[in-house]
Amino acid sequence: MSLTRLLRILFWVGWAAWIFGSGLVVLAFSSLGDWQFEEGTLHLTWQFISFWVVLWWAYTFVFRYRRSVAAVIRIGKGIVRLPERILNAVKNNPLFFITWAVLLVGWQIVSYIAPKGTLEHPLVPGFDYIIYNALYRLSGNWDLFGGFSFAGLTLQFGELAPFPAIEGAESRTWTAVFLALGFHSFMTLSRLVAGLGVGLIAGLATGLALPYWSALRQISWAPFNFLRMIPLLAAIPWMQFALGVDLRATTLFIGFGVWVMLVVATMNAVANVPDRYIESARTLGASRLRTYFKVVVPGAMPELRTALLLAGGLGWSLTIAAEFLGFPTGLGFMAAAAVQETNTARLVIVAIVVAFYSLLTFYLLNQMFNRMVSWMPQRVSGTTDISKVAGAAGAAGRAGDQLHE
Amino acid sequence: MSRVVSFEGLWCVFEHRSGQLVNALHDVNFEVQPGEFVCVVGRSGHGKTTLLRVLAGLQPPTAGQIRLGEEVVEGPGADRAMVFQQDTVFPWLHVRDNVEFGLRALKVDDEERKSTTAHWLDAVGLTDFADSWPRELSGGMRKRVALAAAMAVGSDVILMDEPFGSLDYFTRRNLHDVLLDLWEETQKTIFFVTHDIEEALILADRVILLAEGKLVDDIPVDLPRPRDEDVRASAGAVDITKTILAHLGITEEEATQV
């Protein structure tokens with residue numbers, strides 16, 4: 001075995017162990033007191049993400065030097081060409097943008113003519129109202145315990161905008177608005193990444209391991225389908241009673257939801273691998289184990305794409321829903337607080353922000369998957385234009401179509 | 001080391017959903033000498049594919065056995081590589097890795113694996129496409145990949161289940177030539193299932209006729225090779241065609257039902 005190959009294997013094994021292990025560490029240590037919990041959460045999850053990024057780039061630069069240089073150049077060119085691409089997208093798919101324009105302008109018109117309602121804020125807030133009365137007032141709504149640390153580098157946010165706890169909510173600046181959105185997004189993303197990471201890895205591992213033994217497959221089919229039917233949103237209060245309101249609870253909760261869904265989806269994908277590939281491999285002399293890893297697993301990948309995208313969506317809805325009930329931070333908390341204050345405009349902001357993040361998640365998961373199944377004919381790919389990214393629902397449809405080609 | 005393939009009292013019974021029993025193979029007995037090119041001919045649903053699948057070890061027989069030399073067939077193995085009717089080239093592997101698949105399974109050492117793969121890619125004329133994805137190839141080229149993959153594992157028996165059925169006429173004729181060249185070069189025993197009498201006349205040393213799971217005739221095809229249009233129009237070829245049609249052709253009863 002060559003040294004490169006050994007390094008590669010060590011890298012991947014270490015990487016998988018690290019991700020799964022840090023999920024477990026988060027689970028084990030996050031049951032501290034309130035304040036310590038938040039700080040512990042921040043450090044653990046942020047390290048989780050930053051180490052992931054650093055390791056990924058290290059791997060890419062060591063083993064795929066040329067490709068990564070090419071990628072940097074491509075991304076640079078992409079940014080330079082962005083205005084041109086948007087313009088082209090408008091030209092190529094005017095209907096898509098017309099739909100958006102009609103929706104946005106229509107909303108604004110409705111905001112003028114709709115009844116104001118008896119609440120403090122209008123039932124249909126116009127964009128002017130949303131921006132000046134809701135978005136700007138978010139500025140007092142952030143708290144970062146001194147700053148972010150990214151792979152060892154710490155950024156002090158107190159230097160950028162007045163610290164809300166000291167200056168009070170009246171000192172409003174746009175910097176503070178973005179810090180507030182950033183802070184709550186960060187808390188939500190921390191919970192999502194921890195839960196989704198644990199759920200994805202456990203789900204894929206279980207879903208691929210169970211069908212190897214037909215007895216296990218038959219035994220586990222019914223329980224997993226039963227678990228899948230549990231109304232997860234209704235189980236949130238139970239989760240809080242049993243586990244508390246902390247990162248351990250959300251990680252277990254989101255991880256559980258994603259795990260169950262992925263196990264069922266993965267077992268389905270494995271069952272749908274055409275028999276002819278398996279039989280062909282067997283007559284070429286492959287053992288059962290080799291056939292499973294070299295034929296069944298790759299053969300199940302195309303169908304797993306859909307499952308993975310759905311898992312991303314499920315992760316988002318579970319995170320927001322969990323935060324909605326009783327968490328002191330996060331986008332779900334922002335929504336819950338807005339409901340308490342009957343602040344319709346802030347609800348709109350949360351909706352837009354969450355929609356933006358889920359599109360981004362969808363795009364990233366899809367990109368990741370395209371890398372993994374580069375052998376498949378691709379339509380949703382690296383050269384995706386902006387209209388395809390924004391039209392996530394449409395793209396999901398296309399990804400689905402392409403499975404049946 | 002080539003071995004005689006013997007079919008001994010082979011039965012294969014399937015049970016329908018309704019509980020009705022169907023004899024896919026009905027007491028089949030014959031023997032094939034090493035290096036023979038055998039075409040199994042019959043109408044669809046009359047046991048051709050079942051015979052091949054039992055030989056491949058993908059389907060256990062209800063009774064009887066198949067022996068390769070002294071060894072009884074008990075499961076799939078690389079000593080009986082198979083080319084399937086459908087497209088079985090793995091779309092997630094490059095052409096080269098597809099051909100190497102069996103060799104890797106057999107744990108052949110690196111150097112030998114590379115040279116064997118290069119040899120068979122060259123033999124089917126795909127050297128230039130070694131690093132392509134299967135989706136970039138035509139249907140005929142993918143069949144060549146499957147053929148090369150089956151040849152590469154070095155079995156002395158090759159099973160082919162209507163491999164060229166889905167291809168157009170010209171591609172099929174071209175692949176017949178490729179296959180015959182490989183057969184002459186390697187002297188492997190080939191079992192070739194087809195419903196196309198012309199294809200059987202082009203390829204076979206011997207035609208095994210199956211009807212309702214029974215071996216109804218065993219016809220030697222002693223026409224000179226290459227079997228060009230003149231040979232296939234000769235009196236001997238026409239006689240063979242007539243014999244086959246007499247066994248398998250549409251009966252008067254069936255014709256009137258349509």
Side-chain angles (χ1 to χ4, degrees), chain A residues 1-6 66-67 204 208 214 266 269-270 272-305 308 368-382 399 401-405, chain B residues 49 52-59 73 75-95 97-108 110 131-137 142 145-155 157-161 163 191:
Chain A
M1 191 185 285
S2 69
L3 186 66
T4 337
R5 198 173 153 80
L6 192 71
R66 273 194 198 164
R67 226 198 271 187
L204 284 176
L208 289 175
S214 75
T266 310
V270 167
N272 286 345
V273 174
D275 279 347
R276 62 177 196 272
Y277 290 136
I278 297 163
E279 294 187 337
S280 175
R282 299 285 279 139
T283 65
L284 290 173
S287 66
R288 212 170 102 74
L289 194 69
R290 175 176 283 269
T291 304
Y292 197 73
F293 282 106
K294 298 288 178 181
V295 176
V296 176
V297 173
M301 284 297 158
E303 199 172 314
L304 277 182
R305 176 208 293 266
L308 208 70
M368 191 183 97
F369 220 81
N370 281 342
R371 291 278 165 89
M372 285 168 70
V373 290
S374 52
W375 47 272
M376 271 175 61
Q378 288 176 19
R379 269 185 274 160
V380 188
S381 67
D401 288 345
Q402 128 187 1
L403 294 175
H404 301 292
E405 278 179 359
Chain B
T49 297
L52 214 64
R53 287 177 59 85
V54 175
L55 176 51
L58 297 171
Q59 169 77 48
V73 169
D79 54 343
R80 286 151 287 129
M82 182 152 166
V83 181
F84 289 75
Q85 185 175 11
Q86 310 107 317
D87 188 9
T88 55
V89 174
F90 305 127
W92 53 87
L93 296 178
H94 286 111
V95 168
D97 298 320
N98 261 290
V99 178
E100 281 185 357
F101 183 89
L103 296 168
R104 282 183 190 274
L106 297 172
K107 308 221 164 28
V108 174
D110 281 13
D131 295 314
S132 303
W133 290 114
R135 69 176 145 94
E136 295 162 342
L137 307 183
R142 281 206 289 272
V145 178
L147 187 58
M151 288 287 180
V153 293
S155 54
V157 180
I158 297 277
L159 316 181
M160 307 186 84
D161 182 10
F191 283 83

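Each chain gets a letter, A, B and so on, in the order the sequences are listed, and its residues count up from 1.
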Toward chain B, the part of A:Arg282 with a non-hydrogen atom under 4.5 Å: both
Please flag which part of A:Ser280 lies under 4.5 Å from any non-hydrogen atom of chain B: side chain, backbone, both or neither. both
Look up atom CZ in A:Arg276 and atom CG in B:Leu58, then write down how far apart they are to the nearest 0.5 Å.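 Rounded to the nearest 0.5 Å, the CZ-CG separation comes out at 14.5 Å.
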Let me confirm one number: the OG1-CD1 distance from B:Thr88 to A:Ile278, rounded to the nearest 0.5 Å.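 Atom-to-atom, B:Thr88:OG1 and A:Ile278:CD1 are 12.5 Å apart.
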Check [X] against [Y] and note the closest heavy-atom contact, atom names and distance.
X        : Y        : value
A:Lys294 : B:Trp92  : O-NE1, 3.1 Å
B:Ala105 : A:Ala286 : CB-CA, 3.7 Å
A:Tyr277 : B:Phe90  : O-CE2, 3.5 Å
A:Leu284 : B:Ala81  : CD2-CB, 4.3 Å

Taking side chain as everything from C-beta outward and backbone as N, CA, C, O, which of these in B:Val89 sits under 4.5 Å from a heavy atom of chain A? Side chain, backbone, both or neither.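 The backbone, not the side chain.
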Highest number of heavy-atom pairs under 4.5 Å with chain A: which of B:Glu136, B:Gln85, B:His94, B:Arg104?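 Option with the greatest count: B:Arg104.
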So which of B:Asp79, B:Asp87, B:Leu93 has the biggest tally of heavy-atom pairs under 4.5 Å with chain A? B:Asp87
Should A:Glu279 and B:Phe84 count as side-chain neighbours, where that means a heavy-atom distance under 4.5 Å?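 In contact.
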